[in-house]
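Single-structure report; data block below.
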Amino acid sequence: MPGELLAPDPSPVERVAVRRRFLMCSPVHFAVEYAINAWMTPGVAVDTALAVRQWEGLRDTYRALGHEVLELEPVPGLPDMVFAANGAFVVDGHAVGARFAHPERAGEAPAHAAWLQAAGFGEVKPTADVHEGEGDLTVVGDLVLAGTGFRTQRGAHAEIQERTGRPVVSLDLVDPRFYHLDTALFPLDDTTVAWYPGAFSPGSQAVLRRLFPDGLEATEADALVLGLNSVSDGRHVVLPAAATALAAALDQRGFVVVPVELGELLKGGGGPKCCTSELRG
Ligand SMILES: CN(C)C(=N)NCCC[C@H](N)C(=O)O
């Protein structure tokens, strides 16, 4: 009706940041010497100095947001060690050691285990089956979401449930471009996630829609720049700069988008989350 006052827009949600503790590993030895995922071309030119600068940009971004970043000593001969998310899964102060699918990365697991043990996480034992740490595992509230299909084996999900006492929800990954769960999904806060449906089997898509009816569904274009390989603290979302539609959708939901550039590390098939292992509890 003319002259009628319009109802004011609902006030934007007040997003609250939770301080995090991260473990990262500098890419001083980063190279693409073998191909173990669809993103890698062995021998592709890598500008290591640029990779280090981009990685330092990510580390300093976390620190500027108030998070604690600890560093793991890089080991020569382990060119993927920069992808620290894969070395272990830490929740409630308990660390479950990784067992890598590919022998090229196997040497990373003991380096993580030694660091975590020295840092007071107790004895860090690998799982019996393959499990690649936070590459395939993430925490949303009380739940652990666990990917399988390319790397982490389903048997490891049961072991992780047994060892952590948290319910583990198994999700099937079906597209080799999205070979780890953290290429296709990340938690926004304790109640919901952003994810790319095309990376999951129909049944797993249904599970995710049931668990997270207000989940943010990303486009293939954003998934293909590893936009889902992002890190949220509940308020700020650190994400690849190229994931522009996802950034706009997050902004609309009241998140503060913090774009980062990690183009050199994308040649190894990784983005911000892969470089970031969260030490929970
Ligand atoms: C986002 N992702 C997938 C990670 N959490 N890690 C990246 C691992 C990259 C390494 N070249 C590999 O293929 O294992």
Side-chain angles (χ1 to χ4, degrees), residues 22-27 29-44 46 48 51 54-55 58 72 74-75 77-90 96 98-109 111-112 130-139 144-153 156 171 173-187 193-196 199-200 218 222-232 237-240 242-243 246 260 262-278:
F22 297 135
L23 180 64
M24 298 179 68
C25 180
S26 168
H29 305 301
F30 176 62
V32 183
E33 295 172 352
Y34 46 79
I36 55 171
N37 68 54
W39 303 74
M40 299 174 85
T41 306
V44 71
V46 168
T48 307
Q54 292 178 340
W55 177 88
L58 177 64
L72 175 64
V75 176
L78 295 175
D80 271 336
M81 198 166 166
V82 58
F83 302 120
N86 303 132
F89 176 60
V90 182
V96 182
R99 182 179 297 279
F100 282 89
H102 298 283
E104 292 90 338
R105 297 197 66 188
E108 297 175 39
H112 278 264
V130 168
H131 131 247
E132 296 202 347
E134 288 194 304
D136 276 319
L137 299 167
T138 195
V139 177
V144 174
L145 304 184
T148 188
F150 298 100
R151 299 286 180 92
T152 298
Q153 294 174 310
L171 299 167
L173 296 164
V174 295
D175 181 332
R177 298 172 299 176
F178 307 108
Y179 58 98
H180 272 150
L181 180 69
D182 72 355
T183 61
L185 178 149
F186 70 98
V193 300
W195 62 296
Y196 169 55
F200 295 90
D222 281 338
L224 283 173
V225 292
L226 286 190
L228 281 313
N229 196 245
S230 296
V231 177
S232 171
V237 180
V238 176
L239 91 175
L246 181 57
V260 290
L262 282 181
E264 281 312 286
L265 297 172
L266 194 60
K267 296 173 181 173
K273 174 58 202 163
C274 305
C275 297
T276 313
S277 175
E278 185 167 351

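Since this is a predicted model, take the numbers as computed values, not measurements. Read the numbers this way: they start at 1 and go in the same order the structure lists the ligands and their atoms.
- Heavy atoms of R151 come nearer than 4.0 angstrom to ligand 1 in at least one pair.
- Counting only heavy atoms of the protein, atom 10 (C) of ligand 1 lies nearest to D80 OD2, 3.3 Å.
- Partners of T276 under the side chain to side chain donor-acceptor pair (under 3.5 Å) rule, at least two apart in sequence or in another chain, are Y62.
- Considering backbone and side-chain atoms alike, G135 places every N or O at 3.5 Å or more from each N or O of ligand 1.
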For H180 and N37, what are the C-alpha separation, side-chain angles and deciding distance, and is it a side-chain contact (heavy atoms from CB on, under 4.5 Å)?
CA-CA 10 Å; H180 272 150; N37 68 54; over 6 Å; no
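- The side chain to side chain contact (heavy atoms under 4.5 Å, CB included) test with S230 singles out one residue from D182, V260, V238, L239, and that residue is L239.
- Distances from ligand 1 to the non-hydrogen atoms of G271 include no value under 4.0 Å.
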N/O donor-acceptor pairs under 3.5 Å from side chains in residues 77-90, not counting sequence neighbours:
residue, atom, partner, partner atom, Å
D80, OD2, Y34, OH, 2.8
N86, OD1, R105, NH1, 2.9
N86, OD1, R105, NH2, 3.3
N86, ND2, E132, O, 3.3

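- Taking every heavy atom of I36 and a limit of under 4.0 angstrom, the matching atoms of ligand 1 come to 12 (C), 13 (O), 14 (O).
- Close contacts between ligand 1 and T183 involve ligand atoms 1 (C), 3 (C) [criterion: under 4.0 Å to a heavy atom].
- To the nearest 0.5 Å, the span separating CG on L265 from SG on C274 amounts to 9.0 Å.
- At a 4.0 Å cut-off, not a single heavy atom of K273 sits close enough to ligand 1 to count as contact.
- Evaluated for a ring-ring contact (aromatic ring centres under 6.0 Å, His included) with F178, the options W195, Y196, F200 yield exactly one hit, Y196.
- The contact set between ligand 1 and M40, taken as ligand atoms under 4.0 Å from a residue heavy atom, comprises 11 (N).
- Every atom of ligand 1 is numbered from 1 in the order shown, and the set under 4.0 Å from a heavy atom of G268 is 9 (C), 10 (C), 11 (N).
- Under the 4.5 Å side-chain criterion, counting only non-hydrogen atoms from C-beta, L262 is not in contact with N229.
- The protein non-hydrogen atom at the shortest distance from atom 6 (N) of ligand 1 is N86 OD1, 2.9 Å.
- Protein heavy atom in closest approach to atom 4 (C) of ligand 1: C274 SG, 2.7 Å.
- Between L185 and L228 there is no side-chain heavy-atom pair separated by less than 4.5 Å.
- For Y179, the heavy-atom gap to ligand 1 drops under 4.0 angstrom.
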Working note: T138 + K273, criterion side-chain contact (heavy atoms from CB on, under 4.5 Å); need CA distance, chi angles, decisive distance, verdict.
CA-CA 11 Å; T138 195; K273 174 58 202 163; 5.9 Å; no
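- Close N/O approach between R105 and ligand 1 is found [any backbone or side-chain N/O within under 3.5 Å].
- Between V139 and E278, every side-chain heavy-atom pair lies at or beyond the 4.5 Å cut-off.
- Every atom of ligand 1 is numbered from 1 in the order shown, and the set under 4.0 Å from a heavy atom of N37 is 9 (C), 10 (C), 11 (N), 12 (C), 13 (O).
- For atom 5 (N) of ligand 1, the nearest protein heavy atom (residue, atom name, distance) is D182 OD2, 2.8 Å.
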Test W39 against L266 for side-chain contact (heavy atoms from CB on, under 4.5 Å), laying out the working first.
CA-CA 7 Å; W39 303 74; L266 194 60; 3.9 Å; yes
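- Of all the heavy atoms of H102, none lies under 4.0 Å from any atom of ligand 1, so neither backbone nor side chain is involved.
- Closest to atom 3 (C) of ligand 1, if we only count protein heavy atoms, is H180 ND1, 2.8 Å.
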